[in-house]
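What follows is a single structure, written as structure tokens, with notes after it.
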There are 2 protein chains.
Amino acid sequence: MLTERRAAILGMVVNEYISTAEPVSSRAIVARHHLDISTATIRNELARLEEDGYITQPYTSAGRVPSDMGYRTFVEMLMSEEPVEAQEQRTIEHQLHQVMGGLDEWLSLSATILAGSVGNAAVVTRPRAASSRIRHAQLVELNHDTALLVAVMDDGRVRQRMLPLQSPTSQAQLTDRAVRLNVRIEGADARIARAVAAELPDPDEAATARAIADLIDEQRIAEETFLDGLNAVLKQPEFLDTDRMLEAVATLQAYRVRRVLEQAIDAQIGSTQVVIGREHGDDSMQEWSMVISRYGDEDAIGTVAVIGPTRMAYHRTIPRVRYVARLMSHLLHEVRQA
Amino acid sequence: MLTERRAAILGMVVNEYISTAEPVSSRAIVARHHLDISTATIRNELARLEEDGYITQPYTSAGRVPSDMGYRTFVEMLMSEEPVEAQEQRTIEHQLHQVMGGLDEWLSLSATILAGSVGNAAVVTRPRAASSRIRHAQLVELNHDTALLVAVMDDGRVRQRMLPLQSPTSQAQLTDRAVRLNVRIEGADARIARAVAAELPDPDEAATARAIADLIDEQRIAEETFLDGLNAVLKQPEFLDTDRMLEAVATLQAYRVRRVLEQAIDAQIGSTQVVIGREHGDDSMQEWSMVISRYGDEDAIGTVAVIGPTRMAYHRTIPRVRYVARLMSHLLHEVRQA
DNA sequence: AGTTAGCACTCTCGACTGGAGAGTGCTAAT
DNA sequence: ATTAGCACTCTCCAGTCGAGAGTGCTAACT
């Protein structure tokens with residue numbers, strides 16, 4: 001049973017370990033919090049906490065280190081979130097409004113800002129439309145047997161693909177074809193676009209419509225990720241031997257991270273999910289935690305996440321991830337409102 | 001004076017050091033090449049080479065390590081390039097033809113392939129048009145006071161930017177405006193686009209033309225880089241303490257690399273440039289070498305480069321960089337031919 | 001002249017050792 | 001239930017030592 005006092009002590013252990021990265025001793029706890037109980041009492045409680053699996057010792061007679069379960073309890077019951085100060089909010093919003101370039105730049109910048117704010121790596125994925133629709137298509141002549149198909153999607157993103165031409169076609173003819181197609185296909189999702197393609201008598205037009213349908217599908221699936229803050233993570237004391245550092249670089253650049261993001265796909269927008277150490281299925285993620293949040297709306301959903309060692313400042317990270325996710329929902333909304 | 005024998009010995013030292021990463025001893029040289037002269041003779045020659053600055057000793061009575069000048073001499077006079085085997089060429093071309101996505105995917109994939117092929121990090125930059133021209137512009141309604149301006153450039157790339165509208169404008173009106181503008185502006189570079197803007201009576205149309213001119217400029221300047229192979233470099237023995245590893249990560253992610261690429265801007269297309277250690281102006285690049293090649297044609301030029309420790313397999317890297325650059329020139333040509 | 005055997009000398013590197021110090025668990029008293 | 005006291009464990013660091021690798025120099029040899 002986790003008595004109130006034991007819970008309090010667990011909280012102190014986690015807090016202390018998060019800030020010092022050193023196993024926490026009974027003496028450190030008493031000294032730091034000016035407690036009126038003795039170190040021996042603390043030691044008894046620590047023994048119980050260890051028995052119950054909340055903390056472990058790296059070796060006999062060293063201080064205590066939180067286990068995954070310890071962190072989990074901390075996150076769910078013990079921690080008090082550190083709000084994002086108005087000052088910091090202004091800084092972040094300001095940086096984010098600097099760039100009026102395009103979606104990708106926003107996303108990349110968001111990852112950078114978030115990573116900087118929490119001192120760990122951050123990942124942002126492109127919003128993926130639940131059901132993507134096309135807003136507008138255009139055909140541009142590239143050479144005598146190829147055209148470029150450019151499609152603007154309803155979330156403001158642009159996709160392109162080369163389109164082989166059966167017969168030489170002038171730019172004027174291409175523009176004409178695009179105009180005709182737009183009338184029929186505007187606002188269509190992939191399924192409707194295919195249906196339209198099937199009805200079109202002209203084979204070239206039909207091929208174009210099918211290509212558009214493909215683009216819509218790709219749009220729905222392609223989930224590019226923007227990662228930043230590698231340097232920041234690698235400076236954490238958990239990686240101060242080379243093997244671990246190499247492993248860390250490999251882990252962060254691998255697909256695994258993406259897979260975890262996909263696992264969290266059922267999370268609610270607005271809510272923030274925390275995955276700690278072994279809670280990832282993946283062995284190579286044992287020593288990592290992720291704080292994940294979704295952004296967007298019913299139609300298009302992306303992911304913001306922070307990745308770092310399990311010894312992570314959850315009480316700072318969680319509100320910051322949530323804040324950035326909310327900000328990005330707003331940004332996305334600004335672009336998408338038709 | 002660099003006698004013939006001394007040059008040969010220098011070559012052996014460099015080769016040996018490149019493959020073992022250990023200071024090269026007189027005995028190792030004799031043993032490896034079954035020479036008919038004694039280690040003492042080699043030692044005398046090594047002493048002369050050191051006197052002349054081609055090699056150094058990490059500490060008294062250790063083996064010899066090439067200096068920057070030693071590598072330079074090796075690259076220019078001693079090395080024999082290892083050609084890219086037909087088999088490897090096929091593999092690379094095959095991988096590169098897998099993706100028919102878009103320019104960016106090609107570039108990113110090229111960096112990955114090159115990095116894998118030489119076991120070091122690789123950087124590829126987007127081709128930058130010497131003078132960029134627009135091929136086609138399109139306006140798409142986003143909401144009542146914003147439109148999306150989409151411009152297809154003559155190298156097939158697409159740039160976009162949001163365009164504030166003075167007064168509510170329908171999609172039909174926007175399309176109409178785009179058609180009118182295209183007539184005047186197709187094939188224009190930034191300067192011409194500005195001239196057209198100045199002549200247009202309608203303020204909205206003029207604003208659009210100016211925005212197009214800005215996009216053309218951005219296109220010319222924006223030089224996005226694709227980096228891959230971080231893991232590969234970090235596995236090199238020169239980084240097996242954490243400080244150096246961290247430094248390496250920082251160096252590779254910093255702008256410095258980009259600056260060096262810009263320095264090499266006057267290089268001929270087709271030629272390959274090697275910058276070794278202190279030859280970079282930058283102190284933080286002391287221990288790095290780059291093999292740089294340009295690709296493209298008179299109109300649009302990009303850069304391919306490999307970055308690694310000065311102890312780099314130049315004889316393998318140089319032909320591979322050259323080969324990939326040539327390949328990318330072809331690819332670019334395929335897209336650009338109008 | 002250039003080459004080479006022989007040898008003393010230098011420097012690194014890994015293994016080993018021996019406290020010092022931090023921290024615990026246990027026992028017995030409060 | 002709490003606590004003082006103490007023996008015990010384990011890490012970490014600094015110092016030491018010897019083995020080994022490699023050189024430079026000298027003197028003899030071709």
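In this text, all values refer to a predicted model and were calculated from it rather than measured experimentally.
The CD-P distance, from A/E22 to C/dA22, rounds to 12 Å in whole Å. Across the protein-nucleic acid pair, B/E50 atom CD and D/dG24 atom C1' stand 11 Å apart, rounded to whole Å. The interatomic distance linking A/Y59 (OH) with C/dT24 (P) rounds to 10 Å, in whole Å.
Among the heavy atoms of the strands lying under 4.0 Å from A/S26 are primed sugar atoms or P, OP1, OP2 only; no base atom is included.
Counted by atom type alone, B/R294 and B/T303 present one or more donor-acceptor pairs between their side chains at under 3.5 Å.
Contact record, A/G53 with A/M69: O-CB, 3.8 Å, taken as the closest heavy-atom pair.
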**Request:** Given salt bridge (Lys or Arg N to Asp or Glu O under 4.0 Å), test B/R322 with B/E81 step by step and report yes or no.
**Result:** CA-CA 11 Å; B/R322 187 187 299 127; B/E81 294 192 1; 3.1 Å; yes
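For the atom pair OG1 (B/T41) and CG (B/L46), the distance works out to 10.5 Å, reported to the nearest 0.5 Å.
Residue A/R27 has no polar side-chain atom (N or O) positioned under 4.0 Å from OP1 or OP2 of C/dA22. In this model, the phosphate group of D/dA21 is not approached by any side-chain N or O of B/S25 to a distance below 4.0 Å at OP1 or OP2.
Which of C/dT3, D/dG24, D/dC10 sits closest to the side chain of B/Q57 comes down to D/dG24.
One cannot find a donor-acceptor pair under 3.5 Å joining the base of D/dT23 and the side-chain atoms of B/S61.
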